4 protein chains.
Amino acid sequence: MRREERRAHILACALEVFAQKGYHSSSVSDIIKKAGVARGTFYLYFKSKRTVFDELLDDLFALLHTKVKRIDPSRGSVGVVAQMQSNIDAVMGCLIDNRPMLRLLMAGVAGLDSSFDKKLTEFYDRLVELTQHSLVQGHDMKVIRSVNVKIVSLCIIGTIKEVLYQIAMGRKMPNREILVKEILDYGLRGLLVPETASKLGFLSKRSTR
Amino acid sequence: MRREERRAHILACALEVFAQKGYHSSSVSDIIKKAGVARGTFYLYFKSKRTVFDELLDDLFALLHTKVKRIDPSRGSVGVVAQMQSNIDAVMGCLIDNRPMLRLLMAGVAGLDSSFDKKLTEFYDRLVELTQHSLVQGHDMKVIRSVNVKIVSLCIIGTIKEVLYQIAMGRKMPNREILVKEILDYGLRGLLVPETASKLGFLSKRSTR
Amino acid sequence: MRREERRAHILACALEVFAQKGYHSSSVSDIIKKAGVARGTFYLYFKSKRTVFDELLDDLFALLHTKVKRIDPSRGSVGVVAQMQSNIDAVMGCLIDNRPMLRLLMAGVAGLDSSFDKKLTEFYDRLVELTQHSLVQGHDMKVIRSVNVKIVSLCIIGTIKEVLYQIAMGRKMPNREILVKEILDYGLRGLLVPETASKLGFLSKRSTR
Amino acid sequence: MRREERRAHILACALEVFAQKGYHSSSVSDIIKKAGVARGTFYLYFKSKRTVFDELLDDLFALLHTKVKRIDPSRGSVGVVAQMQSNIDAVMGCLIDNRPMLRLLMAGVAGLDSSFDKKLTEFYDRLVELTQHSLVQGHDMKVIRSVNVKIVSLCIIGTIKEVLYQIAMGRKMPNREILVKEILDYGLRGLLVPETASKLGFLSKRSTR
DNA sequence: GATGAATGAGGCTTCATTCAT
DNA sequence: CATGAATGAAGCCTCATTCAT
């Protein structure tokens, strides 16, 4: 068991280092210094610097996957909204409680580095797909109006990501409940007061695609 | 004037290189090869690789700042919405037409490099501030309902960023008009059909902060 | 006795590893993996990787020394030649039958590692000395013509070494008897047909040194 | 032109280092220290440590190839022998005058390292092939008796290699002319005095293969 | 100004050896 | 005795930056 502990320790230190300086600016030296182990020890547990990063990302993705549940429509419109809220709440809660992981995820976004992209892209794609599914479900139940699900699902993900990004950057933010409520509220109701909405003619139907 | 041209040429090449491979994976060699100048020449015009990146980012920020106009409330509610749309349209249009700049911006997000975080943070802060201002303005005009402007402005920025991110990653997207209309629509009206909104009790007033 | 067995086992495994990959490319990990012992165990029996190699070389040299007999001149010229043949036969036979040892010997030549040059040099020196002795003996018996024994003994060793080298490299070769006969024949008679030899004036006497 | 000089200088230093310590035990640090250049400079001229070694080997092989001429049979038996002598003389002369190259070649023999093998093997194969060709030629002219050309050509190469090996190891040897004459003499006439040869029945014909 | 050869700090990784259990 | 985790010196290579021409 000692062995797993050691490994976990190095992994945790690597996470902190990566979260602080980003992948490229972090050196193996940084990691082992923080972990208090010798250079060789690091390579005893991990094949390479890159491997560690991948493992952290994998862990993070796995964690998030357990947090996001597919929407079950059988519980009615109130239930659906509650489930959406629950998903957002779970994801944000878990990342806010794990700042290093959050920073890692946001640093990951950095992408453009072609090699990290695939994993990250896959992850977000799945998130987007789940969101799209929820939108279609909601539309079928006549809870959600006709929207371009592709674009709107990105908008939803985007709102969450941006708030998390600010938190990752160290910005002071209201506590989670308020964040979630406000994000959800924004997503569901938008900005307008109803009268204005109708006055502005925002009531035309459009196709789901 | 020859001097300024040369400088601009190197800068443009650097932009392309950074956009293609990201900051860390781009080498000075890549840049001078693309620019067709000698290594020493590069350092004649720029203090360091980092300087070039910073300057590009500055240029980008300056460009975007010219695109985003402060909302003028004197033109009534319809006018305010139109101005918001115009802002979003301008930002997206300019970045979609300048893919390298777009990629640079998105790559920048990645860094977490602490040193250019600051610049990026400042930039987004200004954007957020402008958005907040618009929200307050809209609320005063009773066009916009009471929201937590801090959070909601992030949500608005987030939706735009995410769509742009997908474009930067090379994803096929609908054309700009559709994107802007959908994003704006989402932001203003949200997802719900009005009946559901009222049924779900989404009509309570809350303070602007 | 258990102890000696374990030691011999590790040694044997090391031999195989060295023979397969050469000294430098063989790691202690390779050896212990093949031997199925722990890393620490290896160092319980041997001071270092180098020590093992040295010991193997020593064993090899010792083995070869038992194969090479000093020529006994009392059995007449036919006997002397037969003894030379027997020596060559013994050496080649033993190495051909022990491919790993053969490869080790040939790999050893490679080193130029200054430190085990000495051992190798000593070994060959003894071989050369034995050969020189035989030549002098043969010359005294008027079986062998006057030659520069120093050079010619190297030539003799060289012919054997080269053929063995090819075998070590995995080249297909005729079987041992043919090899030995041909090598011996070459060494004793040379290449020329007798008539040509005389025609070319290859009959002058020269001193033994 | 400066450029080529620098390159040649580093190459020469590398040769000395490799010759002294062998490929594996030589580090890039050793080479640049001897050459008096910075680490980066080394990699400015050569892609890797291995590349330098390969280039040296290639140069050596190219050099030797210019020294070894295919035997021209039109000049009669005396001419053929003279050409053989000339070949041996040229090869030995050039290597004796270039001790580092000689040591490199001999260290190369070390082989068993699988990666160097191919080039070295090819080189020796060509040498052996040339020798075989000469033997067949000589046999056709009835200058050379029937021998197993495959084995005997190895023997010939072996004699030369071994003498060179001793020189590489720093052994004092007679000067080149004596060496060549003795080696050639050994190869052509063998060891026996003619009377003994016939007495021992060394006159039977055998097939060339 | 322009060039490009030279620099050397610093990065990643391997592996022979040690030592606490 | 046996184990295998831990060590850290040492190796190879890259690349941003400098400087003599």
Side-chain angles (χ1 to χ4, degrees), chain A residues 2-7 10 23-32 35-52, chain B residues 2-3 6-7 10 23-33 35-53, chain C residues 2-3 6-7 10 23-33 35-53, chain D residues 2-7 10 23-32 35-52:
Chain A
R2 201 71 286 170
R3 181 132 216 290
E4 270 320 302
E5 266 173 46
R6 196 85 145 131
R7 193 186 147 85
I10 296 175
Y23 176 76
H24 287 293
S25 302
S26 302
S27 70
V28 173
S29 294
D30 293 329
I31 298 171
I32 64 176
V37 300
R39 199 162 285 274
T41 307
F42 175 88
Y43 286 94
L44 212 56
Y45 290 95
F46 303 97
K47 207 170 71 65
S48 68
K49 174 184 161 189
R50 179 56 194 271
T51 304
V52 183
Chain B
R2 195 85 271 177
R3 182 145 215 289
R6 210 131 157 78
R7 193 185 148 85
I10 296 175
Y23 177 76
H24 286 292
S25 300
S26 300
S27 67
V28 172
S29 293
D30 292 330
I31 298 171
I32 63 175
K33 201 183 301 167
V37 299
R39 196 165 285 271
T41 307
F42 175 89
Y43 285 92
L44 227 50
Y45 289 93
F46 302 97
K47 205 171 71 68
S48 70
K49 173 185 162 187
R50 181 53 193 271
T51 304
V52 179
F53 189 77
Chain C
R2 196 82 273 179
R3 183 144 214 290
R6 213 150 168 55
R7 194 186 145 84
I10 296 174
Y23 176 76
H24 287 290
S25 300
S26 301
S27 68
V28 173
S29 293
D30 292 329
I31 297 171
I32 63 175
K33 201 182 301 168
V37 300
R39 196 165 284 270
T41 308
F42 176 88
Y43 284 91
L44 229 49
Y45 289 94
F46 302 96
K47 205 171 73 66
S48 70
K49 174 185 162 188
R50 181 53 194 272
T51 305
V52 180
F53 189 76
Chain D
R2 222 15 346 143
R3 184 133 213 290
E4 270 320 303
E5 267 173 47
R6 197 86 148 128
R7 193 187 148 85
I10 296 175
Y23 177 77
H24 287 292
S25 302
S26 302
S27 69
V28 172
S29 293
D30 293 330
I31 297 171
I32 64 176
V37 299
R39 197 163 289 275
T41 307
F42 175 88
Y43 286 95
L44 211 57
Y45 291 94
F46 304 97
K47 209 171 70 70
S48 69
K49 173 184 160 188
R50 179 55 195 272
T51 304
V52 183

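This is a predicted model, so every value here is computed, not measured.
For E:dA20, the paired nucleotide is F:dT3, the pair qualifying as Watson-Crick or G-U wobble because both relevant distances are below 3.5 Å. Of the nucleotides present, E:dC12 is the one that pairs with F:dG11 by Watson-Crick or G-U wobble criteria, both distances under 3.5 Å.
Closest heavy-atom contact between A:A38 and A:I32: O-CG2, 4.2 Å. Closest of all the heavy-atom pairs between D:K49 and D:Y23 is NZ-O, 3.3 Å. Of all heavy-atom pairs between B:S25 and A:H24, the closest is OG-CE1, 4.4 Å.
Nucleotide F:dA10 holds its C1' atom 16 Å from the NE2 atom of D:H24, rounded to whole Å. When the P atom of F:dC12 is taken as reference, atom CZ of D:F46 falls 15 Å away, rounded to whole Å. Following rounding to the nearest Å, D:Y43 (OH) and E:dG10 (P) show an atom-to-atom distance of 18 Å.
With distances taken from any side-chain atom of B:V37 to the nucleotides F:dC12, E:dT3, E:dT17, the minimum falls on E:dT3.
Mapped onto DNA chain E by nearest heavy atom, C:S48 and B:L44 fall at different nucleotides, with B:L44 at the one closer to the 5' end. The residue among A:Y45 and D:T41 whose nearest nucleotide of DNA chain F is located toward the 5' end is A:Y45. Comparing C:S27 and B:A38 by the nucleotide of DNA chain E that holds the closest heavy atom to each, the one mapping nearer the 5' end is B:A38. Of the residues near DNA chain F, D:F42 and B:G40, the one whose nearest nucleotide (by heavy atom distance) lies more toward the 5' end is D:F42.
You'll find the side chain of D:R6 reaches within 4.5 Å of the side chain of D:V37, heavy atoms only.
Regarding contacts with the backbone of E:dA5, every side-chain N or O of B:R39 stays at 4.0 angstrom or more from both OP1 and OP2. Listed pair B:R6 / E:dA2 meets the phosphate criterion, a side-chain N or O lying under 4.0 Å from OP1 or OP2.
Among the atoms of the strands shown, only primed sugar atoms or phosphate atoms (P, OP1, OP2) are found under 4.0 Å from some heavy atom of D:S26.
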